[in-house]
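This report concerns only the one structure given below.
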Amino acid sequence: MLYSFLVHLVQPFLNLINGRPIITGKEHLPAGNYILIAPHRSWMDPVLLALAIFPKKFAFMAKEELFQKPLANWFLRKLNAFPVNRANPGPSAVKTPVRILKQTDLATIIFPTGSRYSAKLKGGSLVIAKLAGVPLVPAVYQGPLSFKQLFARHPRKIAIGEPITIDRKMKLNDEKLAEMEQTIQAAFDQLDQQLDPTFKYQMPPKPSDDQF
């Protein structure tokens, strides 16, 4: 209930200060559950992607440090977020999203780089998709990267690509993981080109206290 309430509160506010978003490719979204994968470019992009796909609802991975305070823990869990130790992810980092995808009507958003300060893709989303039996849906966000930049009225743009199906019989060895990661990166590059052929993401410097 809190999830839907915040969508109906935040979306009009963003439209007021920044204009309506430009969203392409929503016809590619599957009817059931799926994993929306995207390059991580802003602390806002989980919210902006979720708003773009609503009324489909999502569960989110979030770093466990955000759950340490009781109020934040309550709030995040009401928004379908679950904690993950990014430096040392345990079995729950896979088991929890697999269970959610199989047993609820929630899709999930995963950023394969894991951080805004890395361009290297990791294979966790592939493992989760295989075990849960759901497709990966690539998406990219271009636009303001901070709350302050929203007021400059540069549009929020999101492109959604065709689903990538993971064969449940596929062995995800190093060679196959590398092949699938190339497929994912190619999908991101194509979507970026589709939105703006001149776009180039400028990665921010990594904070000294970010150990991921």
Side-chain angles (χ1 to χ4, degrees), residues 10-11 13-26 28-29 35-54 58 60-66 76 79 81 84-87 89 93 107-126 136-164 177-212:
V10 173
Q11 185 74 280
F13 174 71
L14 290 177
N15 292 346
L16 177 65
I17 66 173
N18 184 254
R20 290 187 175 275
I22 298 168
I23 303 170
T24 64
K26 289 188 74 170
H28 295 141
L29 294 171
I35 301 173
L36 192 73
I37 52 173
H40 202 359
R41 294 172 174 167
S42 164
W43 65 268
M44 300 187 300
D45 48 22
V47 175
L48 299 177
L49 289 166
L51 290 173
I53 309 303
F54 191 80
F58 289 90
F60 304 85
M61 288 185 178
K63 60 183 182 181
E64 64 180 6
E65 294 86 349
L66 297 175
L76 288 167
L79 295 180
V84 173
N85 184 321
R86 296 192 304 167
T108 190
I109 297 175
I110 294 178
F111 299 98
T113 60
S115 168
R116 289 176 283 154
Y117 314 110
S118 172
K120 179 176 174 55
L121 300 180
K122 300 172 179 65
S125 61
L126 294 165
L136 300 169
V137 178
V140 299
Y141 166 72
Q142 296 178 11
L145 300 179
S146 69
F147 182 74
K148 182 179 179 180
Q149 290 177 5
L150 289 169
F151 291 89
R153 303 289 290 186
H154 297 303
R156 312 183 310 279
K157 297 187 288 186
I158 292 172
I160 301 161
E162 296 183 7
I164 300 170
L177 281 171
E179 178 185 324
M180 294 303 300
E181 286 164 7
Q182 288 180 354
T183 299
I184 291 171
Q185 186 60 59
F188 291 161
D189 293 343
Q190 181 181 8
L191 292 169
D192 272 328
Q193 286 286 311
Q194 176 184 312
L195 282 179
D196 181 357
T198 67
F199 174 80
K200 185 172 178 58
Y201 173 61
Q202 298 295 327
M203 188 179 301
K206 184 176 179 179
S208 59
D209 60 350
D210 190 310
Q211 303 301 316
F212 186 64

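Computed from a predicted structure; not experimentally measured. FYI, the numbering just counts along the sequence from 1. Quick note: numbers below take in every heavy atom, side chains included, and nothing from hydrogens, waters or symmetry partners.
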Heavy-atom pair of closest approach, residues [X] and [Y]:
X	Y	result
Ile158	Tyr141	CG1-CD1, 3.8 Å
Ser42	His40	O-CE1, 3.2 Å
Asn18	Arg153	N-NH1, 3.2 Å
Leu36	Ala139	CD1-CB, 4.0 Å
Val84	Ala93	CG1-CB, 4.0 Å
Ser125	Ile35	O-CD1, 3.8 Å

In residues 144-151, what donor-acceptor pairs under 3.5 Å come from side-chain atoms, sequence neighbours left out?
from, atom 1, to, atom 2, distance (Å)
Ser146, OG, Gln149, N, 3.3
Gln149, OE1, Leu145, N, 2.7

Check for a donor-acceptor pair, side chain of [X] on one end and backbone N or O of [Y] on the other, with a separation under 3.5 Å.
X	Y	value
Asp192	Lys200	no
Arg156	Gly19	yes
Lys157	Thr24	no

How many angstroms lie between atom [atom1] of [X] and atom [atom2] of [Y], to the nearest 0.5 angstrom?
X	Y	atom1	atom2	result
Ile53	Ile109	CD1	CD1	7.5 Å
His28	Lys26	NE2	NZ	13.5 Å
Arg41	Tyr201	CZ	OH	7.5 Å
Gln193	Thr198	CD	OG1	9.0 Å
Ile110	Thr113	CD1	OG1	11.5 Å

With the side chain counted from C-beta on, respond yes when [X] and [Y] share a heavy-atom pair under 4.5 Å apart, and no when they do not.
X	Y	answer
Asp45	Phe111	yes
Ile184	Leu126	yes
Met180	Ile164	yes
Pro21	Leu48	no
Val140	Pro39	yes

Compute whether any side-chain donor of one residue and acceptor of the other, for Asp189 and Gln185, lie under 3.5 angstrom apart.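 Indeed, the side chains of Asp189 and Gln185 share at least one donor-acceptor pair under 3.5 Å.
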Tell me whether the count of non-hydrogen atoms from other residues, nucleotides or ligands lying under 6.0 Å of CD in Glu162 goes above 12. no
